[in-house]
Amino acid sequence: MMPSGPLPRACWTSFISLLLVCCLLPPGTQGQEFQLRVEPQNPVVPAGGSLLVNCSTDCPSAELISLETSLLKESVGSGLGWAAFQLSNVTGDIQLLCSGFCNGSQMIGFSNITVYRFPERVELAPLPLWQPVGENLTLRCMVSSGAPRDHLTVVLLREEEELGRQPAGDGEPAEVTVTVLASRDDHGASFSCRTELDLRSQGLGLFQNSSAPRKLRTFAMPTTPPRLVVPRFSEVETSWPVDCTLDGLFPASEAQVQLALGDQMLNATVVSHGDTLTATATAKAEQESTQEIVCNVTLGGESRETRENVKAYSFQGPNLTLREPNATEGTTVTVTCAAGPRVRVTLDGVPAAAPGQPAHLQLNATAKDDRRTFFCNATLEVHGVILHRNRSVQLRVLCAQTAPRLTELNVPSA
Ligand SMILES: *[C@@H]1O[C@H](CO)[C@@H](O)[C@H](O)[C@H]1NC(C)=O
Ligand SMILES: *[C@@H]1O[C@H](CO)[C@@H](O)[C@H](O)[C@H]1NC(C)=O
Ligand SMILES: *[C@@H]1O[C@H](CO)[C@@H](O)[C@H](O)[C@H]1NC(C)=O
Ligand SMILES: *[C@@H]1O[C@H](CO)[C@@H](O)[C@H](O)[C@H]1NC(C)=O
Ligand SMILES: *[C@@H]1O[C@H](CO)[C@@H](O)[C@H](O)[C@H]1NC(C)=O
Ligand SMILES: *[C@@H]1O[C@H](CO)[C@@H](O)[C@H](O)[C@H]1NC(C)=O
Ligand SMILES: *[C@@H]1O[C@H](CO)[C@@H](O)[C@H](O)[C@H]1NC(C)=O
Ligand SMILES: *[C@@H]1O[C@H](CO)[C@@H](O)[C@H](O)[C@H]1NC(C)=O
Ligand SMILES: *[C@@H]1O[C@H](CO)[C@@H](O)[C@H](O)[C@H]1NC(C)=O
Ligand SMILES: *[C@@H]1O[C@H](CO)[C@@H](O)[C@H](O)[C@H]1NC(C)=O
Ligand SMILES: *[C@@H]1O[C@H](CO)[C@@H](O)[C@H](O)[C@H]1NC(C)=O
Ligand SMILES: *[C@@H]1O[C@H](CO)[C@@H](O)[C@H](O)[C@H]1NC(C)=O
């Protein structure tokens, strides 16, 4: 409280006399019965503000009433038993001391100035990009400046609802936290914090400052991978459906789904219904190979993925043909069944020499061969699974004078 700059003479005088009196006069002498009042008593003033201080006493012979302070002061008048001063630029808490003399003995009086200032910054720390439902979320509010701290409270809010309130404490910046369990209802909710400078007991009121609100996004993601439904086998150049479903997603509509065949993205149609997300697409393989289908669901920065293999095969044929289109009684009929590579054909129970080879049958047409049906059974082994495909053809044998007729029938594959 010692003034730093040179002091007006009066100040020094009173200061020195104060010291002298303090040291020389024993306590309890005359004059002590008179009080030196400092008004206002313990005022609360806005930071940087000014204040009129009145040092007064009832002592009839009061003299040398002065105000000790390091603050900028200006005398604004004095009279019998009083002296008033204007203090300006009050920036911090300070104790004022008035001193004076009554009949040769010293009187002193005190008043504590408390400065108040609104917080310069009230800020809610950034929220996580996505908050998992069912996990604790810590909301942190930072408050810079603001005084007096013992009258400053920080309130954390979810919309208008108070989640907690704590005194700001002495830290600079002050930091206050509250932990809440994130729920689905918190998705899209605004969180904020507010300071309350409560100077109502000082007759000044309740001053609030609020942070900018921050929106929270919560999510729930099951630990299970998506259910991916694809055929185990597919024929090349033939489209087949891809269906990927994941349950227990929140908010399902904000999840991202990727369906890919190998490294080629599929054009997926995504539908969400409640907590269920379904992505569908069609895919086809261009060549014989094992293709990987990937379904990847991403929400809240987390992904769940399922991969399935689809074995693409090529099953050509079988082509079942009669070499002679018209058979008359007694002529030789050649039946051929041919299919693609690795396909094993069996013509009327007689297998071909090797897979990929055609099977032939020759016969002399007789009247009882009319309407005879020839069967060709083709099989292809794809990764241990045997695929079947059958064809049949019917022979018409007519008398020499009648025109013959052939009918080919396609029997659906097994
Ligand atoms: C200071 O206080 C005295 C005594 O109460 C009063 O007479 C005087 O008017 C006051 N001065 C000012 C400037 O308020
Ligand atoms: C008020 O006081 C502060 C420090 O206490 C000082 O930096 C500022 O310049 C002063 N302002 C005036 C107007 O005197
Ligand atoms: C002042 O002091 C003198 C002697 O020390 C005493 O006689 C007188 O009564 C005192 N006056 C007051 C107002 O206390
Ligand atoms: C001023 O504050 C000091 C320290 O907090 C305290 O001891 C003193 O009693 C206060 N003075 C008044 C007049 O309230
Ligand atoms: C959340 O925090 C509270 C205490 O603040 C604790 O009791 C609870 O177990 C925590 N819950 C989870 C899911 O971490
Ligand atoms: C804080 O609130 C007070 C009134 O309560 C207002 O005057 C002041 O401008 C606010 N400060 C900020 C930084 O918003
Ligand atoms: C994806 O499918 C939608 C409709 O199902 C269609 O309109 C769009 O053109 C397709 N995009 C591509 C790149 O195939
Ligand atoms: C799933 O997709 C997301 C977004 O495209 C990507 O970041 C993530 O790496 C993928 N996950 C896996 C396991 O490939
Ligand atoms: C086979 O029969 C068709 C009619 O079914 C006829 O047009 C054709 O000329 C015949 N061919 C031979 C080689 O007899
Ligand atoms: C089957 O017949 C079609 C049409 O005549 C032909 O393109 C194909 O190559 C034949 N397939 C085999 C395995 O002979
Ligand atoms: C068809 O008849 C001819 C002569 O009649 C005979 O040589 C041939 O072996 C017969 N073919 C069959 C497959 O029966
Ligand atoms: C061959 O195909 C026919 C139908 O075309 C079917 O009835 C028969 O059972 C098949 N035989 C074998 C051995 O698969």
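In each ligand, atom 1 is the first atom listed, and ligand 1 is the first ligand listed.
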Q: Any pair with a residue in residues 132-182 that passes ring-ring contact (aromatic ring centres under 6.0 Å, His included), sequence neighbours left out, goes on the list, sorted by first then second residue, please.
A: none
Q. Is it true that the side chains of Asn54 and Glu39 contain a donor and an acceptor less than 3.5 Å apart?
A. no
(Q) Quick check: do Val45 and Thr114 have side-chain heavy atoms less than 4.5 Å from each other? (A) no
Q: Considering only non-hydrogen protein atoms, determine which one is nearest to atom 5 (O) of ligand 6 and report residue, atom name and distance to 0.1 Å.
A: Gln208 O, 3.2 Å
Q. Considering only the protein, which heavy-atom contact is closest to atom 4 (C) of ligand 10, and what is its distance?
A. Asn319 ND2, 4.5 Å
Q. Within the structure, does at least one protein heavy atom fall under 4.0 Å of atom 11 (N) of ligand 5?
A. yes
Q.
How far is atom 8 (C) of ligand 6 from the closest protein heavy atom, and which atom is that?
A. Asn209 ND2, 3.6 Å
Q | Element-labelled atoms of ligand 10 that are located less than 4.0 Å from some non-hydrogen atom of Gly340 | A | 13 (C)
Q) Mind checking whether Arg165 and Leu156 have side chains closer than 4.5 Å, heavy atoms only? A) no
Q.
If you define the side chain from C-beta out and look only at heavy atoms, does anything of Val122 sit under 4.5 Å from Ser210?
A. no
Q: Would you mind running through ligand 5 and noting each atom that sits below 4.0 Å from a heavy atom of Gly134?
A: 13 (C)
(Q) Which of the numbered atoms in ligand 10 are under 4.0 angstrom from any heavy atom belonging to Ala339? (A) 13 (C)
Q: Give a yes/no verdict on whether any heavy atom in Pro119 is under 4.0 Å from an atom of ligand 6.
A: yes
Q.
Less than 4.0 Å from atom 14 (O) of ligand 5, is there any heavy atom belonging to the protein?
A. yes
Q. Where is the nearest protein heavy atom to atom 7 (O) of ligand 6: which residue, which atom, and how far?
A. Phe118 CE1, 3.8 Å
Q) Taking the six-membered ring for Trp, is the centroid-to-centroid distance between His187 and Phe250 below 6.0 Å? A) yes
Q. Would a 4.5 Å heavy-atom cut-off, applied to side chains only, mark Leu197 and Leu206 as touching?
A. no
Q) Considering distance alone, does some N or O of Glu120 sit under 3.5 Å from an N or O of ligand 6? A) no
Q: Just jot down the ring pair (Phe, Tyr, Trp, His ring centres under 6.0 Å) partners of Phe110, sequence neighbours excluded, or say none.
A: none
**Q.** Nearest non-hydrogen protein atom, atom 1 (C) of ligand 5
**A.** Asn136 ND2, 1.5 Å
